[in-house]
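Reckoned from all heavy atoms, side chains included, excluding hydrogens, waters and symmetry mates. Protein chains get the first letters and strands the later ones, always in sequence-line order, with residue 1 at the start of each.
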Amino acid sequence: MFWDYDRDSYPDMLFPAGGKLADKRVQGLPSRLLRGTSQGYRDVSGEAGIDVVRHYSHGCAVGDVDNDGFPDALITGFGGLTALEKPG
Amino acid sequence: MTGRSSIVTVESNLDDSLWSSSAGWGDLNGDGTLDLYVAHYVNWSLENNPPCATTGSRPDVCPPRRFDPLDDVVYFGSGEGVVRQPDERMWSGFWRQRLGVLLVDVDGDADLDVYVANDTTNNFFISTMAAEGSKSRV
């Protein structure tokens, strides 16, 4: 998904990574967040905490849920939802 | 990490342990705040995983229709976040295996409608009439 979470006019990219069935468990894989900059894309998954697997991920949707003018994101999936927001 | 350039995963009140396939944001009730529609797939789990096989008798996951669909959930916005709708039955009963959802004014009546793409069954369209607080399905 393309969005501009920091509103710097460079599109950012969010990749829900899905998961797998292994060892009789549903295992998610770490999603990725790439921040667009004037020099290209930088992997900020760790900074955003999105590299921590919370669930098997499927889709994502963008909306400014806290009404602060910056778009937030929600990742759907098997067994949970993950919210991404700009820190207050 | 702080500042305009950061974004982080946050704890939220979105308590949903079901199989959510997709979601859409939009002002569904016309109150000026953002609402959230979460579409769910089926009630498959490792505990509910009956044996099925392909035509070649190779073990496989059962097809979607073998499982019960799950109700979708709508969270209504407060301007600072979203809260689950008290009466969830309002949006339940559209029994399908949902894959994707779009919130868009399909019928051109100046409010958001819900269009859901389903797996192996017909898609459906929920026409909302926010001013009257009601909806209908097509």
Between A:Trp3 and B:Ile7, does the side-chain contact (heavy atoms from CB on, under 4.5 Å) criterion hold? Intermediate values first, please. CA-CA 12 Å; A:Trp3 58 329; B:Ile7 193 165; 3.3 Å; yes
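Connection of B:Leu46 to B:Val61 is established within a shared hydrophobic cluster, with ILVMFWY side chains joined at heavy-atom distances below 4.5 Å, either directly or through further cluster members. When the side chains of ILVMFWY residues are joined at heavy-atom separations under 4.5 Å, either directly or via intervening members, A:Phe2 and A:Leu33 end up in two distinct hydrophobic clusters. Placement of A:Val62 and A:Met13 in two distinct hydrophobic clusters is found when ILVMFWY residues are connected by side-chain heavy-atom separations under 4.5 Å, directly or transitively. Transitive grouping of hydrophobic side chains (ILVMFWY, heavy atoms separated by less than 4.5 Å) keeps A:Phe15 and A:Tyr56 in distinct clusters. Following chains of ILVMFWY side-chain contacts shorter than 4.5 Å, one cannot reach A:Leu29 starting from A:Val26, and the two form parts of different hydrophobic clusters.
When A:Asp66, A:Leu81, A:Asn67 are compared by the number of non-hydrogen pairs under 4.5 Å with chain B, A:Leu81 comes out ahead. Most heavy-atom pairs under 4.5 Å with chain A: of the set B:Leu18, B:Asn49, B:Val10, B:Leu34, this distinction falls to B:Val10. In terms of non-hydrogen atom pairs under 4.5 Å with chain B, the most contact-rich of A:Glu85, A:His55, A:Arg25, A:Lys24 is A:Glu85.
Heavy-atom distances place no part of B:Leu99 under 4.5 Å from chain A, backbone and side chain included. Of the atoms belonging to A:Leu21, it is side-chain heavy atoms, and not backbone ones, that fall under 4.5 Å from chain B. In this structure, chain B has no heavy atom under 4.5 Å from any part of A:Val52.
Of all the heavy atoms in B:Ser21 and A:Thr76, the pair that sits closest is O-OG1, 3.2 Å.
Looking only at distances, no side-chain donor or acceptor of B:Thr9 sits under 3.5 Å from a matching main-chain atom of A:Ala83.
Of the inter-residue distances, the one linking B:Ser20 atom OG with A:His58 atom NE2 reads 7.5 Å to the nearest 0.5 angstrom. Separating the OG atom in B:Ser22 from the CG atom in A:Leu74 is a distance of 10.5 Å, to the nearest 0.5 Å. Remark: A:Phe78 CZ to B:Trp44 CH2 distance equals 5.0 Å, nearest 0.5 Å.
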